[in-house]
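Note sheet for the following structure.
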Amino acid sequence: MLIVQKYGGSSVADKAAVQNAASRIAESFREGNKVVVVISAQGNTTDELLKYASDMNPEASERELDMILSTGEQLSAALMAITLNAMNIPAISLNAWQLGIVTTENYGNAKIEAVCSERIKEELEKGNVVIAAGFQGINKNGDITTLGRGGSDTTAVALAAALEADKCEIYTDVDGVFTADPRVVKDAVKLKSISYEEMLDYTTMGAKVLHNRSVELAKRYNVPLTVRSSFSKNEGTSVCAEGGHRVVSGIASDKNTALISITEMDNIPGAANGVFSLLAKKGISVDIILCSGTGEISFTVAKRDMKAAVETIKGSVKGKIETNDRLSKVSVIGAGLETNPGVVSSLLEAIYEENINIEMITTSEIKISLLIDKNDGERAVRAIHNKFIKR
Ligand code: ASP
Ligand code: MG
């Protein structure tokens, strides 16, 4: 079998963790598998590197930041290779250009466009375990790029797709994908399996367990994905085409949302198009949109895009602009939402019972999102969990 394994930052945080991960890798290798391992930077290394950089220059260029950030994964990959070597396992670490990971041009949040996997295949043929530095690629300028925070998951899935791996295992410090963040909801339940679609909505709406783009890729290339703990032998969660048959699979919350409202607009056809085409040109994604038809439009963007969004529409759009970045977007995800019409009303009941005020609601086939005050976020997640999942 060809197996791609990914070890996250906490799974290689210190000497004991590295050795623990190394013995799991060794075990897979000794079973006769070809093994490609994607490694994250150790522990909080990426945050520390960012701090280092901003101490020198808070306005550091994205290009130079990527040069710095990619070293975290380079270090941990080589460290893993030499740890395996010490255990008599042949292993070689490879960086972005050696892995042949080609990305879009943009620094800091580049997308993988292609994987030229010849070198990896050569090394596997030679009998090596390949240790890949996660989170990085090379763009058409020949520069190092990074894939956005948490991007090593995406490296793993991209390599699994390119190599047509039999399995892609994501090792982390929790036992799998839970119905809610176990730090917020004590009795959150581990899922045995979840569909690609549900997982995609779950990560897009704030679940941190997997990098959003990794799920997108897994879905597109049908990569069999498992999320499990590197510190236990528990089974983990499989992310696959067919999930379980639940009404609600997960409840996510995201504090990274800002609401922009434009009032007193001219109520004419094309007013909304004017706003959103300007934002699209700037590459700013919009999530929830509410158009009242009375000269009022509200929409949400990622918090980091709020300033740029306001700058973009100010001056070009007639109306009064207001912003609110003290919000939490709570989302309920489940393949059964569409076929269970009572869910929205039970959800609203749960929120009402907690006396929480809702700013906006949107629904799709497998998702309901509520925009509420940031301070009510965790309480709302717990209340919804109680209603739908706790028995
Ligand atoms: N080291 C990077 C981060 O902390 C990438 C990753 O761990 O997936 O975001
Ligand atoms: Mg991660």
Full working for side chain to side chain contact (heavy atoms under 4.5 Å, CB included) between Glu365 and Glu197:
CA-CA 10 Å; Glu365 282 165 17; Glu197 281 84 5; over 6 Å; no

Measure across Asn106 and Lys111 and return the closest heavy-atom pair with its distance rounded to 0.1 Å.
OD1-N, 4.4 Å

Residues passing the side chain to side chain donor-acceptor pair (under 3.5 Å) test with Glu242, sequence neighbours excluded, are none

Path from Val36 to Ile101 over hydrophobic side-chain contacts below 4.5 Å
yes

Identify whether Ile131 and Leu99 are in the same connected component of the hydrophobic contact network (ILVMFWY, side-chain heavy atoms under 4.5 Å).
no

The test is side chain to side chain contact (heavy atoms under 4.5 Å, CB included); show your working for Leu348 and Ile361 and say whether it passes.
CA-CA 10 Å; Leu348 296 181; Ile361 305 179; 3.7 Å; yes

Does atom CD (Glu164) have a neighbourhood of more than 12 heavy atoms from anything else shown, all under 6.0 Å?
no

Checking one residue: Ile366. Which other hydrophobic residues are in its cluster under the side-chain 4.5 Å linking rule?
none

Which pairs count as side chain to side chain donor-acceptor pair (under 3.5 Å) when at least one residue sits in residues 70-91, sequence neighbours excluded?
Gln74-Asn95

Is the shortest side-chain N to carboxylate O distance from Glu311 to Lys282 below 4.0 Å?
no

So, the side chain of Asn139 versus the backbone of Thr103: is there a donor-acceptor pair under 3.5 Å, distance only?
no

Minimum side-chain heavy-atom gap Gln5-Ile25 below 4.5 Å
yes

Val381 side chain near Val185 side chain, heavy-atom distance below 4.5 Å
yes

So, does Ser61 use its side chain to make a donor-acceptor pair with the main chain of Glu64 at under 3.5 Å?
yes

Is there a donor-acceptor pair under 3.5 Å between the side chain of Ser331 and the backbone N or O of Ala252?
no

Residues joined to Ile3 in its hydrophobic cluster, side chain to side chain under 4.5 Å directly or through other members, sorted by chain and number, are Met1

How would you list all residue pairs meeting ring-ring contact (aromatic ring centres under 6.0 Å, His included) that involve residues 197-242, not counting sequence neighbours?
none

So which heavy atom on Ile39 is nearest to which on Ser152, and how close?
O-OG, 4.0 Å

Quick one: does Arg382's side chain have a donor or acceptor within less than 3.5 Å of a partner on Val184's backbone?
yes

Arg213 and Asn109, any side-chain heavy atoms less than 4.5 Å apart:
yes

Ignoring hydrogens and geometry, is there a side-chain-to-backbone donor-acceptor pair from Gln42 to Val12 under 3.5 Å?
yes

Is the closest side-chain heavy-atom distance between Ile92 and Arg119 below 4.5 Å?
yes

If the threshold is 4.0 Å, N to carboxylate O, is there a salt bridge linking Lys318 and Asp266?
yes

Heavy atoms only: give me the nearest Ala26-Met87 pair and the separation to one decimal.
CB-CE, 4.1 Å

For the pair Ile138 and Val102, evaluate side chain to side chain contact (heavy atoms under 4.5 Å, CB included) and give the outcome as yes or no after the intermediate values.
CA-CA 5 Å; Ile138 298 292; Val102 182; 5.9 Å; no

Whether Glu27 and Arg24 form a salt bridge (side-chain N of Lys/Arg under 4.0 Å from carboxylate O of Asp/Glu) is what I want to check.
no

By side chain to side chain donor-acceptor pair (under 3.5 Å), which residues pair with Asp143, not counting sequence neighbours?
Arg63, Tyr107

For the atom pair CD (Glu354) and CG (Asp376), what is the distance rounded to the nearest 0.5 Å?
9.0 Å

Residues in side chain to side chain donor-acceptor pair (under 3.5 Å) with Asp175, at least two apart?
Ser232, Asn234

Side chain to side chain donor-acceptor pair (under 3.5 Å) against Asp254, all qualifying residues, sequence neighbours excluded:
none

Heavy-atom closest pair, residues Ile120 and Leu94:
CG1-CD1, 4.4 Å

Report whether Leu49 and Met67 are members of the same hydrophobic cluster (ILVMFWY, side-chain heavy atoms less than 4.5 Å apart, transitive linking).
no

By the side chain to side chain donor-acceptor pair (under 3.5 Å) test, which pairs, at least two apart or in different chains, include something from residues 46-57?
Asp47-Arg149, Lys51-Asp55

Each residue besides Ile288 in its hydrophobic cluster should be listed here, by chain and number; the cluster joins Ile, Leu, Val, Met, Phe, Trp and Tyr at side-chain heavy-atom distances under 4.5 Å.
Leu259, Leu290, Leu327, Met360, Leu371

When hydrophobic residues are tied together by side-chain contacts of less than 4.5 Å, even through go-betweens, does Val344 share a cluster with Val330?
yes

Between Asp66 and Thr146, is there a side-chain donor-acceptor contact under 3.5 Å, judged purely by atom types and distance?
yes

Side chains of Leu191 and Thr179: closer than 4.5 Å at any heavy-atom pair?
yes

Should we count NZ of Lys208 as having more than 12 external heavy atoms under 6.0 Å?
no

Quick one: which residue pairs count as a ring-ring contact (aromatic ring centres under 6.0 Å, His included) with a foot in residues 144-186, not counting sequence neighbours?
Tyr7-Tyr171

Is there side-chain contact between Met199 and Val209, with heavy atoms separated by less than 4.5 Å?
yes

Scanning both residues in full, the closest heavy-atom pair of Ser28 with Asn33 reads O-ND2, 2.9 Å

Consider only side-chain N and O atoms of Glu198 and Ser195, and report whether a donor and an acceptor are under 3.5 Å apart.
yes

Would you mind reporting whether Ile333 and Ile194 have side-chain heavy atoms less than 4.5 Å apart?
no

Single-linkage hydrophobic cluster Val247~Leu370, side-chain heavy atoms < 4.5 angstrom
yes

Residue pair Lys190 / Pro182, side-chain heavy-atom distance below 4.5 Å:
no

Do NZ/NE/NH1/NH2 and the carboxylate oxygens of Lys121 and Glu125 come within less than 4.0 Å?
no

Does Lys186 have more than 12 heavy atoms from other residues, nucleotides or ligands lying within 6.0 Å of its NZ?
no

Going by chain and number, the hydrophobic cluster around Leu278 (ILVMFWY, side chain to side chain under 4.5 Å) further includes Ile260, Ile262, Met265, Val275, Phe276, Leu279, Ile284, Val286, Ile289, Ile297, Phe299, Val301, Met306, Val310, Ile313, Val317, Ile321

Asn141 atom CG, neighbour heavy-atom count above 12 within 6.0 Å:
yes

What I want to check is whether the side chains of Asp153 and Ser214 have a donor and an acceptor closer together than 3.5 Å.
no

Is it true that, when you exclude Glu235 itself, more than 12 heavy atoms of the residues, nucleotides or ligands shown sit nearer than 6.0 Å to its CD?
no

Could you walk me through whether Lys387 and Leu347 pass the side chain to side chain contact (heavy atoms under 4.5 Å, CB included) test, one step at a time?
CA-CA 8 Å; Lys387 193 95 176 173; Leu347 175 66; over 6 Å; no

Would you say Thr155's side chain and Phe135's backbone share a donor-acceptor pair under 3.5 angstrom?
yes

Would you say Asn20's side chain and Ser230's backbone share a donor-acceptor pair under 3.5 angstrom?
yes

Minimum-distance pair of heavy atoms, taken over all atoms of Val4 and Ala165
CG2-CB, 3.9 Å

Does any N or O in the side chain of Asn324 come within less than 3.5 Å of the main-chain N or O of Arg326, such that one atom is a donor and the other an acceptor?
yes

